[in-house]
A.B. asks: 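Following this message is one structure expressed as structure tokens.
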Amino acid sequence: MDDGQHLSRAHEPDHTAVRVALWRALHVQADAPPHVLDDEIGLELAGPGHDWRERGDMTMPGVSGVRASIVARARFVEDLVAERADAGATQYVILGAGLDSFAQRRTELGSRLRVFEVDQPDTQAWKRQRLAGLGYGIPSWLTFVPVDFEAGDSWWERLTAAGFDPQKPAVVASTGVSMYLTRETNATTLRQVAALAPGSMFATTFLLPLDMLDPDQRQVQEFSMRNAAASGTPFISLYSPDEMRQAALEAGFTKAVHVSPDDLAARYFAGRPDGLRPPRAEQFLVAEV
């Protein structure tokens, strides 16, 4: 039996965190090299059993595009972190970290920073136990910041209490999160990050409204939305690129750049004979303080 089975039911990662980790591993196992991101550590943490590739969310319509999107956004953020670290950023905050494995894979880059993983207490307690059980240490530069969002905890207060310094430049990443939050909550997050030290960057993904997708991708998106709702984490907020840029500028950022899946495809998927590329549904906003 996988030792993950011995953990209490209360200490389990949410379904979304596991799904993302498995999609990242599926890219390594199902797609030809070169891989956009080489990450099977999340799979190791999740311990889903030998038949995990047969799960419905691993075989659903359009899954190749979904996993392309998942690995592209992770690679894009990590490239941005490396670029900003060279420019003087000293902190990296991962909102909704899930089973993210940056701290395990990118130790050379991570050790130049203070890295803060923000997530629900249960998911983090489970992740700590899994990391320990698998022999991964928790380096001195990594801080877990448990935030009980459902109880009204402020991630901002928890983050600063954990040692984050708002006066020093940082990269704050929030991928695969905005659609689960209300527009008001997303606007609050934008305002909080826009108040950071000059040179700070915010990278966030957002999902397009259904009417901005072509029929095939709309079908995949509707399937994802039904799955998310059935898992108890419905999609609440969808944005057009113009809406997202405007929200960032209104929050106080000096610059807000829309990064499309076409931009990511040109950067990470050019020349692939298998045609793997991220679909249009998920877009990026990079905002600068």
Side-chain angles (χ1 to χ4, degrees), residues 14 16-28 30-31 34-43 57-58 62-84 92-106 109-110 115 117-119 171-181 186 189-190 193 201-208 212-213 217 220-221 224 228 233 235 237-239 241 244-245 248 256-270 272 276-288:
D14 68 46
T16 305
V18 171
R19 195 177 296 138
V20 168
L22 299 188
W23 278 326
R24 284 162 72 145
L26 189 60
H27 172 58
V28 178
D31 299 321
H35 295 124
V36 176
L37 187 80
D38 193 346
D39 179 18
E40 293 181 282
I41 292 176
L43 168 64
D57 48 11
M58 297 298 114
V63 71
S64 63
V66 172
R67 66 175 179 263
S69 189
I70 293 295
V71 296
R73 76 189 192 192
R75 173 69 180 276
F76 179 74
V77 168
E78 291 181 11
D79 285 354
L80 181 66
V81 170
E83 177 190 304
R84 300 313 298 169
Y92 173 33
V93 179
I94 311 171
L95 295 179
L99 303 189
D100 189 274
S101 60
F102 171 84
Q104 289 74 50
R105 289 178 295 103
R106 304 294 302 271
L109 175 56
V115 179
E117 291 193 16
V118 178
D119 213 331
V171 175
V172 180
S174 174
T175 59
V177 175
S178 67
M179 65 277 204
Y180 298 113
L181 307 176
N186 284 322
T189 298
L190 285 167
V193 180
M201 304 284 282
F202 183 50
T204 185
T205 57
F206 59 97
L207 291 184
L208 293 178
M212 294 187 75
L213 300 175
Q217 294 193 1
V220 173
Q221 181 81 323
S224 296
T233 52
F235 293 176
S237 299
L238 307 174
Y239 296 86
M244 201 70 207
R245 279 193 70 251
V257 176
H258 167 227
V259 180
S260 73
D262 287 345
D263 297 327
L264 296 179
R267 186 182 292 208
Y268 300 124
F269 298 87
R272 289 190 68 97
L276 186 71
R277 59 179 291 139
R280 285 196 70 235
E282 186 171 70
Q283 310 271 323
F284 246 108
L285 179 87
V286 179
E288 188 173 346

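We count residues from 1, following the sequence as given. Below, each value reflects all heavy atoms present in this structure, side chains not excepted, and no hydrogens, waters or symmetry copies.
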A.B. asks: Before giving the answer on side-chain contact (heavy atoms from CB on, under 4.5 Å), spell out for Met244 and His258 the whole-Å C-alpha distance, their side-chain angles and the decisive distance to 0.1 Å.
C.D. replies: CA-CA 8 Å; Met244 201 70 207; His258 167 227; over 6 Å; no
A.B. asks: Between Leu37 and Arg24, is there a side-chain heavy-atom distance shorter than 4.5 Å?
C.D. replies: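 Side chain of Arg24 against side chain of Leu37, heavy atoms only: contact under 4.5 Å found.
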A.B. asks: Does the Gln217 side chain pair with the main chain of Arg280, one donor and one acceptor, at a distance under 3.5 Å?
C.D. replies: yes
A.B. asks: Tell me which pairs pass side chain to side chain donor-acceptor pair (under 3.5 Å) where either residue lies in residues 70-79, with sequence neighbours left out.
C.D. replies: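 Listed by first then second residue: Arg73-Glu282, Arg75-Asp79, Glu78-Arg105, Glu78-Arg106, Asp79-Tyr268.
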A.B. asks: If you look at every heavy atom in Leu276 and Ser64, which pair is closest and at what distance?
C.D. replies: CD1-O, 3.4 Å
A.B. asks: Taking the side chain as C-beta and beyond, is there a heavy-atom pair between Asn186 and Ser237 under 4.5 Å?
C.D. replies: yes
A.B. asks: On a heavy-atom basis, which atom in Thr205 and which in Val177 lie closest, and how many Å separate them?
C.D. replies: OG1-N, 4.5 Å
A.B. asks: If I take atom CE from residue Met58 and atom CG from residue Leu22, how far apart are they, to the nearest 0.5 angstrom?
C.D. replies: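 Between Met58 CE and Leu22 CG, I get 4.5 Å after rounding to 0.5 Å.
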A.B. asks: Taking the side chain as everything from C-beta on, heavy atoms only, tell me whether Val257 gets closer than 4.5 Å to Glu288.
C.D. replies: no
A.B. asks: What's the separation between atom CG in Asp14 and atom CG in Asp119, rounded to the nearest 0.5 Å?
C.D. replies: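 Going from the CG atom of Asp14 to the CG atom of Asp119 covers 6.5 Å.
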A.B. asks: Do His27 and Ile70 come close enough that some side-chain heavy atom pair is under 4.5 Å?
C.D. replies: no
A.B. asks: Just verifying a value: how many Å separate Asp262 CG and Arg267 CZ, rounded to the nearest 0.5 Å?
C.D. replies: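 Answer rounded to 0.5 Å: 13.5 Å.
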A.B. asks: With rounding to the nearest 0.5 angstrom, report the CE to CD distance, Met201 to Glu83.
C.D. replies: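 Between atom CE of Met201 and atom CD of Glu83 there are 6.5 Å.
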A.B. asks: Indicate the atoms forming the closest heavy-atom contact of Trp23 with Asp57, along with that distance.
C.D. replies: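 Answer, listing the atom of Trp23 first, then Asp57: NE1-O, 2.8 Å.
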A.B. asks: Can you tell if the side chain of Pro241 reaches within under 4.5 Å of the side chain of Leu208, non-hydrogen atoms only?
C.D. replies: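 In short, these two side chains touch, coming nearer than 4.5 Å.
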A.B. asks: Does Phe76 have any ring pair (Phe, Tyr, Trp, His ring centres under 6.0 Å) partners at least two apart in sequence or in another chain, and if so, which?
C.D. replies: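 Applying ring pair (Phe, Tyr, Trp, His ring centres under 6.0 Å) to Phe76 gives Phe284.
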A.B. asks: Hey, are the side chains of Pro261 and Pro279 touching, using non-hydrogen atoms and a 4.5 Å cut-off?
C.D. replies: no
A.B. asks: Between CG of Leu26 and CZ of Arg67, what distance do you get to the nearest 0.5 Å?
C.D. replies: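 Rounded to the nearest 0.5 Å, the CG-CZ separation comes to 4.5 Å.
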A.B. asks: Could you report the tightest heavy-atom contact between Val220 and Gly62, atom names first, then the distance?
C.D. replies: CG2-CA, 4.0 Å
A.B. asks: Quick one: are Leu99 and Val20 in side-chain contact, heavy atoms under 4.5 Å?
C.D. replies: no
A.B. asks: What is the distance from atom CZ of Phe206 to atom CZ of Arg245, rounded to the nearest 0.5 Å?
C.D. replies: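 It comes to 10.0 Å.
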A.B. asks: Looking at Arg272 and Asp31, is there a salt bridge between them, counting it only when a charged N and a carboxylate O are closer than 4.0 Å?
C.D. replies: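 No.
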A.B. asks: Looking only at heavy atoms, which two atoms of Leu264 and Pro278 are closest? And how far apart?
C.D. replies: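 Closest pair (atom of Leu264, atom of Pro278, distance): CB-CG, 4.4 Å.
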A.B. asks: Could you report the tightest heavy-atom contact between Val193 and Phe202, atom names first, then the distance?
C.D. replies: CG1-CB, 3.7 Å
A.B. asks: Identify, with sequence neighbours excluded, every residue that meets ring pair (Phe, Tyr, Trp, His ring centres under 6.0 Å) alongside Tyr92.
C.D. replies: Phe102
